[in-house]
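Have a look at the structure below, then the notes.
Everything numeric here is computed off the predicted structure, so don't read it as measured data.
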Amino acid sequence: MEKLSGLSHLFMTIFLHNFSTFMVSPAITDVTMSALCPGRDECSLAIYLTGFQQAIIGLGTLVMMPLVGNLSDKYGRKTLLTVPMILTILPLGVLAYSREWNFFYTYYVLKTLTAMVCEGSVHCLALAYVADNVAEGRRASAFGVLSGIGSSAFVCGTLSARFLSTSSTFQVATSVAVVAAVYMRVFLPDSVVGHGLTASLISKEKPDLTKPDGESTRNGTQLFKSMPSLEDMVSLLKTSSTFSRAAIVAFFSNLADFGLHGSMMYYLKARFHFNKDQFADLMVISGIAGTISQLFLMPALIPALGEEKLLSVGLLFSCAHMFLYSIAWSVWVPYVAAMFSIFFFLSHPCMRSIVSKQVGSCEQGMAQGCISGICSFANVVSPLAFSPLTALFLSDQAPFNFPGFSIMCIGFASMIAFIQSMTIRAAPPMLFHRGSDCNNAEV
């Protein structure tokens with residue numbers, strides 16, 4: 001914990017950023033329904049528009065995540081963090097001003113465009129920042145603490161939304177997003193990557209020596225040479241079987257998680273007439289359980305079970321969580337299912353820690369960006385597969401009476417991730433021997 005104290009400014013930055021983004025989650029479903037289908041509890045248009053937005057955002061982040069991670073290896077985590085944290089403010093500001101239908105559509109377009117850069121990039125860069133500053137043996141716990149900070153922000157944000165009006169929720173969220181960006185720029189020290197030496201280990205390029213004033217010895221075209229190619233991505237996936245298996249787990253796990261996120265609120269609204277306050281209550285339960293698991297259970301369980309087994313345990317509870325939602329016969333069942341978060345939130349930090357140990361110190365941003373890109377591809381596939389299914393089984397044209405059928409199918413995707421995770425075995429970290437240590441790279 002002494003080493004983690006040096007990450008306090010990163011943790012505060014992530015807390016403020018997540019607080020602002022999670023705060024609007026309970027309210028956005030009601031805002032969307034009010035703008036598109038006022039006075040109704042079921043709206044196929046809202047489901048399809050949300051699914052289309054998620055697919056477009058996923059397509060954009062599929063391209064952007066590896067690029068952002070790779071550029072952060074070369075130009076610093078703080079520099080790259082600035083962009084998504086500023087862009088996050090813009091769509092929140094629109095709904096903070098008004099939630100009329102024309103402002104909603106402005107928000108919809110702006111959110112879609114900015115989220116192509118913002119969605120997941122702050123978390124991806126934070127993971128790379130932690131990997132820069134924490135030894136391999138402690139990374140799983142450090143990633144767990146980072147996720148726990150995010151979960152605590154989730155709890156605080158949803159609790160705030162629970163007691164604020166919809167207009168105040170967006171106004172406060174916008175203000176906190178501004179504070180987060182300013183705090184990051186003023187207080188967060190940049191992470192030192194390679195002590196000024198940058199090298200693409202995958203493409204075998206010679207390292208780029210950075211001058212003391214931060215200017216590269218190469219010209220502006222170096223930025224475009226920094227963009228990872230498909231060949232780079234394939235090469236990274238071939239570095240070890242552990243990395244490739246973790247990538248498969250990441251895809252199916254994110255396919256399920258994103259599918260549940262896109263379907264659950266509309267499902268609960270149609271089936272049990274949930275509103276903003278009930279969504280907030282549900283999220284608070286899930287967030288508290290996730291915070292407890294990541295801050296307290298994870299440090300205790302990793303020495304006993306190891307990251308690989310803990311990954312499987314988390315995914316198993318994720319499956320149970322989704323199947324329980326799908327067969328909910330009472331309004332209380334979703335609250336019981338939310339308590340399963342105490343275990344399934346363990347899987348993500350474990351997976352990221354396993355990935356971080358498969359690459360050298362110069363490739364942390366690229367590796368985390370690659371996994372984030374795979375998750376983004378899942379975010380493209382998920383709404384295309386599950387949004388039409390959700391809309392169909394919540395409508396009067398459903399082939400049979402099973403409103404939670406789409407969520408049960410989402411649970412099967414999570415089951416695939418669980419089965420694949422069982423094949424991951426503990427192995428020594430596989431570093432790139434061709435100069436994986438930036439300090440030893442050839443100049």
Could you tell me which non-hydrogen atom of [X] sits nearest to which non-hydrogen atom of [Y], and how far apart they are?
X	Y	value
Ala181	Ile89	CB-CD1, 4.4 Å
Pro299	Gln294	CD-O, 3.9 Å
Leu92	Ala177	CD1-CB, 4.1 Å
Ala173	Met23	N-SD, 3.9 Å
Met298	Gly144	SD-CA, 3.4 Å
Ser376	Met65	OG-CG, 3.8 Å

Taking [atom1] in [X] as the centre, count heavy atoms belonging to other residues, nucleotides or ligands within less than 6.0 Å. Is the count above 12?
X	atom1	value
Phe377	CZ	no
Met408	CE	yes
Lys78	NZ	yes

Residue pair [X] / [Y], side-chain donor-acceptor N/O under 3.5 Å:
X	Y	result
Ser72	Arg77	yes
Ser353	Glu307	yes
Arg352	Ser372	yes

[X] side-chain N/O to [Y] backbone N/O, donor-acceptor pair under 3.5 Å:
X	Y	result
Arg162	Asp281	no
Asn379	Gly58	no
Ser293	Gly290	yes
Ser382	Leu255	yes
Thr158	Val155	yes
Lys269	Phe274	yes
Tyr108	Leu49	yes
Ser20	Val176	no

Report yes if some heavy atom in the side chain of [X] is under 4.5 Å from a heavy atom in the side chain of [Y]; otherwise report no.
X	Y	answer
Pro349	Leu146	no
Tyr267	Phe405	no
Ser312	Phe418	yes
Val122	Met85	yes
Cys156	Asn18	no
Thr114	Thr88	no
Ser253	Asp257	yes
Gln420	Thr423	yes

[atom1]-[atom2] distance between [X] and [Y], expressed to the nearest 0.5 angstrom:
X	Y	atom1	atom2	answer
Phe251	Ile416	CZ	CD1	9.0 Å
Leu295	Ser151	CG	OG	7.5 Å
Thr29	Met265	OG1	CE	4.5 Å
Cys124	Leu81	SG	CG	9.5 Å
Leu394	Ile47	CG	CD1	5.0 Å
Leu346	Leu310	CG	CG	5.0 Å

With a 6.0 Å cut-off on the ring centroids, do [X] and [Y] count as close?
X	Y	result
His123	His17	no
Phe412	Phe323	yes
Phe143	His348	no

Please report the C-alpha distance between Leu110 and Val94 in whole Å, then the side-chain angles of each, then the deciding distance to 0.1 Å, and finally whether the side chain to side chain contact (heavy atoms under 4.5 Å, CB included) criterion is met. CA-CA 9 Å; Leu110 197 56; Val94 172; 3.9 Å; yes
Could you label the plane-to-plane angle of the His9 and Tyr183 rings as parallel, tilted or perpendicular, counting under 30° as parallel and over 60° as perpendicular? tilted
Could you walk me through whether Ser414 and Phe252 pass the side chain to side chain contact (heavy atoms under 4.5 Å, CB included) check? CA-CA 6 Å; Ser414 185; Phe252 283 102; over 6 Å; no
Which side-chain N or O atoms in residues 384-392 pair as donor and acceptor under 3.5 Å with protein atoms at least two apart or in another chain?
| from | atom 1 | to | atom 2 | distance (Å) |
| --- | --- | --- | --- | --- |
| Ser387 | OG | Pro383 | O | 3.2 |
| Thr390 | OG1 | Ser263 | OG | 2.8 |
| Thr390 | OG1 | Phe386 | O | 2.8 |
| Thr390 | OG1 | Ser406 | OG | 3.0 |

Please determine whether side chain to side chain contact (heavy atoms under 4.5 Å, CB included) holds for the pair Val134 and Tyr129, giving the CA-CA distance in whole Å, both sets of side-chain angles, and the decisive distance to 0.1 Å. CA-CA 9 Å; Val134 178; Tyr129 190 102; over 6 Å; no
Candidate list Phe343, Phe340, Phe345, Phe344, test ring pair (Phe, Tyr, Trp, His ring centres under 6.0 Å), partner His321, passing option: Phe344
Go through Leu95 and Ile28 one step at a time and tell me if the side chain to side chain contact (heavy atoms under 4.5 Å, CB included) criterion holds. CA-CA 10 Å; Leu95 291 186; Ile28 195 63; 3.9 Å; yes
